[in-house]
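These figures come from a predicted structure and were not determined experimentally.
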Amino acid sequence: MVVPYKEKDSSKREQIAEMFDNVSPKYDFLNHLLSGGIDFWWRKKAISMLRDQKPQLILDIATGTGDLAVEAVKQLKPEKVIGVDISEGMLSFGREKMKKLGLEKTIELQMGDSEKLLFNNNTFDAVIVSFGVRNFENLEKGLTDMCRVTKSGGTCMVMEFSKPKTPIIKQLYWFYNATIVPMIGKLVSNDSSAYSYLPESVMAFPEGNDFLKIFEKAGFRQTKCIPLTFGVCSIYIGKKP
């Protein structure tokens, strides 16, 4: 199992919470810097795929500081978005962001374990997550719980890093991820482990059809994968029967 702090005996869940608490003050800045700003477009594209469903109650898993939740409100105009995350550090910055944007009544951010969701069965019209399932301690368990809280006929949207297939893009991508990302991450956040964990976790993550098999095993149907930006990122869509 890939974890941020290999020298520690704590669980992956505990290490992920610690890692995000550590990087939370610089997280948004580093996200936009390291992606060259393309993460804004990725979120817009991912949320646009839910427009036809017009979901009114949305759950944003591993919400972090709430960027995906904000994009969901902008495009979909739901009644409510609930964001859950295991890092109180990230949530505190997210709550300040919601206040500044005047969205604190529409977007509610709360502590929560994405693999043990404290919601009733068949609660949400849509469940969304960006760059979060890669950090699950048990991927299938987390996806199964996401399916449980999704209403019948509801949609799950997962956006996650994937691995480019074109040779030159692949080489550039891995050089950037293995060399530049940890270096900048260490300089800005003072946590080199967090940004070394990123490429390691992407390498270990089951992508494309491998992810779709787990997605379907968790209970979702009509699944599909949409690669973005030469395959650097992928969107996965599934329906709960």
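Hydrophobic cluster membership differs between Phe40 and Phe29, with clusters built from Ile, Leu, Val, Met, Phe, Trp and Tyr side chains linked at under 4.5 angstrom. Met49 and Val73 fall within the same hydrophobic cluster, where Ile, Leu, Val, Met, Phe, Trp and Tyr residues are linked whenever their side-chain heavy atoms come under 4.5 Å apart, directly or through other members. Residues Ile226 and Val202 share a single hydrophobic cluster, defined by chaining ILVMFWY side chains whose heavy atoms lie under 4.5 Å apart. Linking Ile, Leu, Val, Met, Phe, Trp and Tyr whenever their side-chain heavy atoms come within less than 4.5 Å leaves Leu34 and Leu172 in two separate clusters. Both Val129 and Leu117 are members of a single hydrophobic cluster when ILVMFWY side chains are connected at heavy-atom separations under 4.5 Å.
A distance of 10.0 Å separates CD1 in Ile58 from OG1 in Thr155, rounded to the nearest 0.5 Å. Separating the CD1 atom in Ile61 from the CD atom in Glu115 is a distance of 10.0 Å, to the nearest 0.5 Å. Rounded to the nearest 0.5 angstrom, Arg43 CZ and Asn31 CG are separated by 6.5 Å. Taken to the nearest 0.5 Å, the CD1 atom of Ile16 stands 8.0 Å off from the CZ atom of Arg134. Once rounded to the nearest 0.5 Å, the distance linking CG of Leu212 with OG1 of Thr223 reads 4.5 Å. Expressed to the nearest 0.5 Å, how far CG of Asp210 lies from CZ of Phe215 amounts to 14.5 Å.
In summary, the side chains of Asn22 and Tyr5 do present a donor paired with an acceptor at a separation below 3.5 Å, with no hydrogens or angles considered. Using a 3.5 Å distance cut-off with no hydrogens or angles, the side chains of Lys240 and Ser152 do not pair a donor with an acceptor. There is a side-chain donor-acceptor pair under 3.5 Å between Tyr173 and Asn177. Side-chain N/O atoms of Thr229 and Trp42 include a donor and acceptor closer than 3.5 Å. In this model, a donor atom of one side chain and an acceptor atom of the other lie less than 3.5 Å apart for Ser87 and Asp21. Side chain to side chain, Lys97 and Thr65 meet the donor-acceptor criterion of an N or O pair below 3.5 Å. Under 3.5 Å, the side chains of Asp191 and Tyr197 contain no donor-acceptor pair of N or O atoms.
Inter-residue side-chain proximity for Lys77 and Gln56 is flagged as unmet; no heavy-atom pair is nearer than 4.5 Å. Counting heavy atoms from C-beta on, the side chains of Met146 and Val158 come closer than 4.5 Å. Contact annotation: the side chain of Lys105 never approaches that of Met98 to less than 4.5 Å [non-hydrogen atoms, C-beta and beyond]. Met203 has its side chain within reach of Trp174: a pair of non-hydrogen atoms, C-beta onward, lies under 4.5 Å apart. Val70 is listed as a side-chain neighbour of Leu101, based on a closest heavy-atom distance under 4.5 Å. Proximity of Glu137 to Ser11: side-chain heavy atoms (C-beta onward) are separated by under 4.5 Å at one or more points. You'll find the side chain of Val84 stays beyond 4.5 Å of the side chain of Leu118, heavy atoms only. With a 4.5 Å cut-off on side-chain heavy atoms, Val23 and Tyr195 count as touching.
Shortest non-hydrogen contact noted between Ala204 and Val2 is CB-CG2, 3.6 Å. The minimum heavy-atom distance linking Pro241 with Gly219 is given by the pair CD-O, 3.3 Å. For Asp60 against Leu68, the heavy-atom pair with the smallest separation is OD1-CD2, 3.6 Å. Heavy-atom minimum distance, Cys233 versus Ser162: C-OG, 3.4 Å. Ala46 and Met159 get closest at one heavy-atom pair: CB-SD, 3.9 Å. When all heavy atoms of Arg13 and Asp113 are compared, the pair lying nearest together is NE-OD2, 2.9 Å.
The pair Glu140-Lys217 meets the salt-bridge criterion, with a side-chain N (NZ, NE, NH1 or NH2) lying under 4.0 Å from an Asp/Glu carboxylate O.
Remark: Lys26 NZ is loosely packed, at most 12 non-hydrogen atoms of other residues, nucleotides or ligands lying under 6.0 Å away. Shown here is Lys186, whose NZ atom has no more than 12 heavy atoms of other residues, nucleotides or ligands within 6.0 Å. Taking a 6.0 Å sphere around OH of Tyr176, one finds it holds more than 12 heavy atoms contributed by other residues, nucleotides or ligands. Other residues, nucleotides and ligands contribute at most 12 non-hydrogen atoms within 6.0 Å of the CG atom of Asn209. Shown here is Lys44, whose NZ atom has no more than 12 heavy atoms of other residues, nucleotides or ligands within 6.0 Å. The local environment of NZ in Lys170 is sparse, with at most 12 non-hydrogen atoms from other residues, nucleotides or ligands closer than 6.0 Å. Other residues, nucleotides and ligands place no more than 12 heavy atoms under 6.0 Å from the NZ atom of Lys224.
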Go through the steps to decide whether Asp85 and Met111 satisfy the test side-chain contact (heavy atoms from CB on, under 4.5 Å), and finish with yes or no. CA-CA 5 Å; Asp85 203 283; Met111 280 282 284; over 6 Å; no
List the steps, then state whether side-chain contact (heavy atoms from CB on, under 4.5 Å) holds for Ser234 with Glu160. CA-CA 6 Å; Ser234 293; Glu160 192 51 86; over 6 Å; no
Phe131/Phe161 under ring-ring contact (aromatic ring centres under 6.0 Å, His included): CA gap, chis, key distance, verdict: CA-CA 7 Å; Phe131 311 114; Phe161 287 115; 4.4 Å; yes
Between Leu228 and Lys45, is the side-chain contact (heavy atoms from CB on, under 4.5 Å) condition met? List the steps. CA-CA 9 Å; Leu228 304 176; Lys45 177 68 175 175; 4.0 Å; yes
Audit row: Asn122, Arg148, side-chain contact (heavy atoms from CB on, under 4.5 Å) steps and yes/no: CA-CA 6 Å; Asn122 308 303; Arg148 177 185 66 79; over 6 Å; no
Would you sort out whether Glu207 and Lys163 count as a salt bridge (charged side-chain N to carboxylate O under 4.0 Å, His left out), showing the intermediate values? CA-CA 8 Å; Glu207 59 173 343; Lys163 300 181 271 291; 3.6 Å; yes
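With hydrogens and angles disregarded, no donor-acceptor distance shorter than 3.5 Å links the side chain of Glu79 to the backbone of Leu57. Although no hydrogens or angles enter the test, the distance criterion places no donor-acceptor pair under 3.5 Å between the side chain of Thr166 and the main chain of Ile168.
Applying side-chain contact (heavy atoms from CB on, under 4.5 Å) to Lys141 and the options Asp145, Leu139, Asn138, Leu143 leaves one that passes, Asn138. Each of Glu104, Glu88, Glu108 was checked for a salt bridge (charged side-chain N to carboxylate O under 4.0 Å, His left out) with Arg95, and the lone residue meeting it is Glu88.
You'll find the ring centres of Tyr236 and Phe211 inside the 6.0 Å limit.
The aromatic rings of Phe119 and Phe124 lie perpendicular to each other, with more than 60° between the two planes, well past the 30° mark.
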